[in-house]
Amino acid sequence: MKKIIVCTFVLAVAIQGIKAQEIPERTRETINRHHRDQRDGVNRLNLSEEQKGKFKSLNENFRAQMDELKKKDDITVKEWRSRMENLRKDHREQISSLLTNDQKDQLKKSREARQLRQSDRRKEGFERMRTRLNLTDDQASRLKQSHSEMAEKMKAIRENQSLTTDQKKEQVQELRKKNQENLKTILSEDQLKRLHEKQVRRPAKLPV
């Protein structure tokens, strides 16, 4: 995210207007996605009544903290994102502290199974794209290698704790630009056109 320098009162008012529109919306999306991920994983565990009570209390506290953050109108969107990430991190650590080692192992296996299903769906999607674009064996091989390299770089960026959320986003965006340029060396103009038309009809939701 480009650094915003507030030079005039008008610009300051404009920025506050942007925050008022963006922060509440992002708050709702973040809370819903965060709790959905927590719920899908934790609900598969055999929680005790005590754990359920503490889990509920932690979720309520997290929502309250996010609501308070949403009310902040004296911080930039960048600062809001940073605080939101810290709240999410603390919440994950608090949830983890409630679980036994067996439950943590079970949760880990559940996540691995979900990742495997996602991998299978990606493979099916690649085969459909291969048929739709009529890729040669060489093109398919180069695309798979490019995708694998990009996935590894994406993972490294996401797991780099020394980067802020905005820095991660900037690096991911730069990585995507390079990937688009690389596609031009693999696909023909007609294949690129058909790929672009498909993406416009069904825009992909890429993770940051």
Seminar exercise, completed: Between the CD atom in Q139 and the CG atom in L133, the distance rounded to the nearest 0.5 Å is 8.5 Å

Exercise. Taking C-beta and beyond as the side chain, do N61 and S57 meet within less than 4.5 Å on heavy atoms?
Worked result: no

For this session: Using a strict 4.0 Å threshold on nitrogen-to-oxygen distance, state whether E181 and K184 make a salt bridge.
Result: yes

Exercise. So do T100 and D105 actually touch side chain to side chain, heavy atoms under 4.5 Å?
Worked result: no

For this session: Taking atom types as modelled, find out whether Q171 and Q167 have a side-chain donor-acceptor pair closer than 3.5 angstrom.
Result: no

For this session: Go through the steps for D137 and R130 under the test salt bridge (charged side-chain N to carboxylate O under 4.0 Å, His left out), then give the verdict.
Result: CA-CA 9 Å; D137 290 341; R130 178 173 183 168; 2.5 Å; yes

Problem set entry | Heavy-atom check, side chain of K178 versus side chain of M150, under 4.5 Å | no

Exercise. In terms of side-chain geometry, is the basic nitrogen of K153 or E149 positioned less than 4.0 Å from the acidic oxygen of its partner?
Worked result: no

For this session: Starting from the C-alpha separation in whole Å, work towards a yes-or-no answer on side-chain contact (heavy atoms from CB on, under 4.5 Å) for T164 and E85.
Result: CA-CA 9 Å; T164 65; E85 286 296 327; over 6 Å; no

Problem set entry | Spacing of I186 atom CD1 and L135 atom CG [to the nearest 0.5 Å] | 9.5 Å

Problem set entry | Polar contact flag, side-chain donor to acceptor under 3.5 angstrom, N179-H147 | no

For this session: List the steps and the verdict of side-chain hydrogen bond (donor to acceptor under 3.5 Å, both in side chains) for S162 and N160.
Result: CA-CA 5 Å; S162 66; N160 190 339; 2.5 Å; yes

Seminar exercise, completed: CG (L143) and CG (L187) are apart, to the nearest 0.5 Å, by 5.0 Å

Exercise. Can you tell me if D138 and T136 form a side-chain donor-acceptor pair at under 3.5 Å?
Worked result: no

Exercise. In terms of side-chain geometry, is the basic nitrogen of D190 or R194 positioned less than 4.0 Å from the acidic oxygen of its partner?
Worked result: yes

For this session: Report yes if some heavy atom in the side chain of F126 is under 4.5 Å from a heavy atom in the side chain of R122; otherwise report no.
Result: no

Exercise. Does the distance from a Lys or Arg side-chain N to an Asp or Glu carboxylate O, for E112 and K109, drop under 4.0 Å?
Worked result: no

Problem set entry | Ion pair K71/E68, N-O distance below 4.0 Å | yes

For this session: Walk me through it: do K56 and E60 pass the test side-chain contact (heavy atoms from CB on, under 4.5 Å)?
Result: CA-CA 6 Å; K56 180 180 179 181; E60 290 175 349; 3.2 Å; yes

Exercise. Any side-chain heavy atom of Q51 within less than 4.5 Å of one from S48?
Worked result: yes

Problem set entry | Salt bridge present between E124 and R121 (N-O < 4.0 angstrom) | no

For this session: Look at E50 together with K54 and state whether they make a salt bridge at an N to O cut-off of under 4.0 Å.
Result: yes

Problem set entry | 4.5 Å side-chain heavy-atom contact, L47 and L98 | no

Exercise. If you measure from CD on Q94 to CG on N59, what distance do you get to the nearest 0.5 Å?
Worked result: 10.0 Å

Exercise. For E127, what residues pass the salt bridge (charged side-chain N to carboxylate O under 4.0 Å, His left out) criterion, not counting sequence neighbours?
Worked result: none

Seminar exercise, completed: Between the CZ atom in R63 and the CG atom in L87, the distance rounded to the nearest 0.5 Å is 14.0 Å

Exercise. Are any of the side-chain heavy atoms of E152 and K155 separated by less than 4.5 Å?
Worked result: no

Exercise. CD1/I95 to CZ/F55 distance, rounded to the nearest 0.5 angstrom?
Worked result: 4.5 Å

For this session: Would you name the heavy atoms of K168 and R158 that are closest together and state the gap between them?
Result: NZ-O, 2.9 Å

Seminar exercise, completed: Residues T185 and R142: closest non-hydrogen pair is O-NH2, 3.1 Å

Exercise. With a 4.5 Å limit on heavy-atom distance, are the side chains of R83 and E79 in contact?
Worked result: yes

